[in-house]
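Indexing begins at 1, ligand by ligand and atom by atom, following the structure's order. Here the structure is a predicted model, which is why all the values come from computation and not from measurement.
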Amino acid sequence: MNFDVDLFVIGAGSGGVRAARIAAGYGARAMVAEEFRIGGTCVIRGCVPKKLLAYASRFADDFADAAGYGWRVGETRFDWPTMVAAKEKEITRLSAIYRANLEKAGVQIIEERAEIAGPQSVLLASGRLISAKHILIATGAAPELAPHVPGLEHAISSNEIFDLKSFPSRLLIVGGGYIAVEFASIFARLGAMVTQVMRADNILRGFDEDMRTGLRDELCHAGILFGFGRLPTRIEKRDGALHVALSNGDLLVVDQILVATGRRPNTDKLGLENVGVALDAAGAVKVDAWSATNVPGIHAVGDVTNRINLTPVAIREGHAFADHVFGGKPVAVDHESVPSAVFATPEIGAVGLTEAQARERYDIVDIYRSSFRPMKATLSGRREHTIMKLVVDGASDRVLGAHILGHEAGEMIQLLGIAVKMKATKADLDATMAVHPTAAEELVTMRTRTARYERKPG
Ligand code: NDP
């Protein structure tokens, strides 16, 4: 049978763009559809603008620290519209690069919504039907706002926060995950009065306990008011402000409410029911190790599959799909020991097992932990702690996990991730010469074990 294209990709985000480009490189006639902006969540309203805002927020610390280093800094004032405009310019530039790279690779770009019409056909919003030998679902995920309380329509998600017309001087953040924590840290430093509430008793479920508690303390010190075990019960808009009732009886008046309570895979109204693509309980597309769905010829990559919802993972999945299907190179993506970072200030960088996970899975677990004041904070007088922690298998000496709370923890964990992936032992780290004076040198100079946990037989 003759198809219009060899590959039709739905969604021009991180995973979809990579898959289309690599497939085209193997000679496939590839087409990608995007209903919003080329680049997807990461480039347009996720990782990239978030990191730019994190940079903006950290000037507050630099100004405050400057005096300790002999600088006299005059009036400092943050201008939100200037930052929003600068951010917009940069993401527009990046989106254009994504577009140019697709075009250079020979991929056809369709800027409209596409839905699956049949096992090998896609219907565009304009009514055009395209036949495709292979279909790739790369539609990502969207914010899921909870809890469903009266007035929730007055709250915003991470989609809207980047482009607010005016700076929210009083901000309530609901949730304790990546997005909630990063924005709390950013807006507090930019000068907002930030209150963060969540159902749990601490931030960042799933991270190592030392990192969770350490970052919570730093964020408290940065002025964030935490409310654990409480959520909004009602939101009312009155006199240009939002009046929020919380489950513990507190009442708050704020300018904006950011709800960051997780993301839902974008599988609605995609025509998946037309062909019987199986979804899991969370509404994500079910895939095997090759990103294949239960329907022959239809694959899915990235957040829509809800495996590990990180850009580099989506990119790898998209690349591996194209290598396998169009390049004859069957390599499954390895989802083990994926390093990640939380871009609060200070940052968390983590790879591998937490202490709690290691103690569940291994008989002997050794912990090496160091907490110190970073050198930069000494002259500035800033109260700040860096925490580094290595989780080691006591039997084999292998490093099972590494966790860093501190400046540039994201950069450090990227490199330490190589060692953990290569199954480095604690002795390998010890044998590595330190770079002095750095914070990272602590990772290779932690000689003394902080704790050993041995599982009792039976
Ligand atoms: P997370 O899964 O990280 O956090 C969700 C938060 O919402 C948790 O605090 C969770 O509470 C809470 N929550 C979930 N459901 C409810 C509910 N029904 N009522 C009240 N609270 C609820 O999601 P995010 O939205 O922060 O981020 C989505 C994903 O995006 C992340 O998982 C991550 O993969 C990715 N991301 C990665 C970043 C990075 O790498 N730096 C940055 C931003 C996003 P509880 O803990 O109690 O379950």
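- Atom 23 (O) of ligand 1 has its closest protein heavy atom at Gly262 CA, 3.5 Å.
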- Message: One pair to check against ring-ring contact (aromatic ring centres under 6.0 Å, His included): Phe162 and Phe183. What are the steps and the verdict?
- Response: CA-CA 10 Å; Phe162 292 108; Phe183 280 109; 5.4 Å; yes
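- Remark: side-chain polar atoms of Glu317 are paired, donor with acceptor, to backbone N or O of Gly302 under 3.5 angstrom.
- What sits closest to atom 30 (O) of ligand 1 on the protein, heavy atoms only, is Arg263 CD, 4.0 Å.
- Remark: minimum distance from atom 1 (P) of ligand 1 to any protein heavy atom is reached at Gly177 CA, 4.0 Å.
- The part of Glu182 lying near ligand 1 is the side chain, judged by heavy-atom distances below 4.0 Å.
- Within ligand 1, counting atoms from 1 as listed, the ones closer than 4.0 Å to a heavy atom of Lys50 are 41 (N), 42 (C).
- Considering both main-chain and side-chain atoms, Arg199 comes within under 3.5 Å of ligand 1 through a nitrogen or oxygen pair.
- The residues Glu347 and Arg58 are annotated as salt-bridged, a charged nitrogen and a carboxylate oxygen being separated by less than 4.0 angstrom.
- At least one N/O-N/O distance between Arg205 and ligand 1 falls below 3.5 Å.
- Residue Pro147 has no nitrogen or oxygen atom sitting less than 3.5 Å from a nitrogen or oxygen atom of ligand 1, judged on distance alone.
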- For Asp393 and Val365, what are the C-alpha separation, side-chain angles and deciding distance, and is it a side-chain contact (heavy atoms from CB on, under 4.5 Å)? CA-CA 5 Å; Asp393 174 11; Val365 174; over 6 Å; no
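- Donor-acceptor pairing under 3.5 Å is lacking for the side chains of Arg170 and Thr195.
- Atoms of ligand 1 lying under 4.0 Å from any heavy atom of Ala146, numbered from 1 in the order shown and given with element: 17 (C), 18 (N), 19 (N).
- Arg307 and Ser291 are linked by a side-chain donor-acceptor pair at a separation below 3.5 angstrom, with hydrogens and angles left out of the test.
- Scanning all protein heavy atoms for the shortest distance to atom 43 (C) of ligand 1 gives Ile179 CG1, 3.4 Å.
- Of all protein heavy atoms, the one lying nearest to atom 37 (C) of ligand 1 is Tyr178 CD2, 3.5 Å.
- Under 4.0 Å is where a charged nitrogen must lie from a carboxylate oxygen, and between Glu88 and Arg37 at least one such pair does.
- Listed for the Glu160 side chain is a donor-acceptor partner under 3.5 Å among the backbone atoms of Ser157.
- Formation of a donor-acceptor pair under 3.5 Å by the Glu115 side chain with backbone atoms of Gly271 is not found in this model.
- Among all non-hydrogen protein atoms, the one lying nearest atom 6 (C) of ligand 1 is Ala260 O, 3.7 Å.
- Atom 12 (C) of ligand 1 has Thr261 CA, 4.1 Å as its closest protein atom, hydrogens excluded (heavy atom only).
- Thr305 places no side-chain N or O within 3.5 Å of a backbone atom of Val285 that could act as its donor or acceptor partner.
- Neither the backbone nor the side chain of Met198 comes within 4.0 Å of ligand 1, counting heavy atoms alone.
- Of all atoms in ligand 1, numbered sequentially from 1 with element shown, those under 4.0 Å from a heavy atom of Leu231 are 20 (C).
- The backbone N or O of Thr345 lies less than 3.5 Å from a partner atom in the side chain of Ser185, making a donor-acceptor pair.
- Of the polar atoms of Ala341, at least one N or O is found under 3.5 Å from an N or O of ligand 1, judged by distance alone.
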- Item | Intermediate values then yes/no, ring-ring contact (aromatic ring centres under 6.0 Å, His included), Phe321 and His134 | CA-CA 11 Å; Phe321 153 78; His134 297 275; 7.1 Å; no
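- Atom 35 (C) of ligand 1 has its closest protein heavy atom at Asn309 O, 3.4 Å.
- In this structure, Ser340 falls outside the shell of residues with a heavy atom less than 4.0 angstrom from ligand 1.
- Listed by number with element, the atoms of ligand 1 under 4.0 Å from a non-hydrogen atom of Leu310 are 37 (C), 40 (O).
- Taking only nitrogen or oxygen atoms, main chain and side chain alike, Val342 does not reach within less than 3.5 Å of ligand 1.
- Atom 21 (N) of ligand 1 is flagged as protein-proximal [any protein heavy atom, distance under 4.0 Å].
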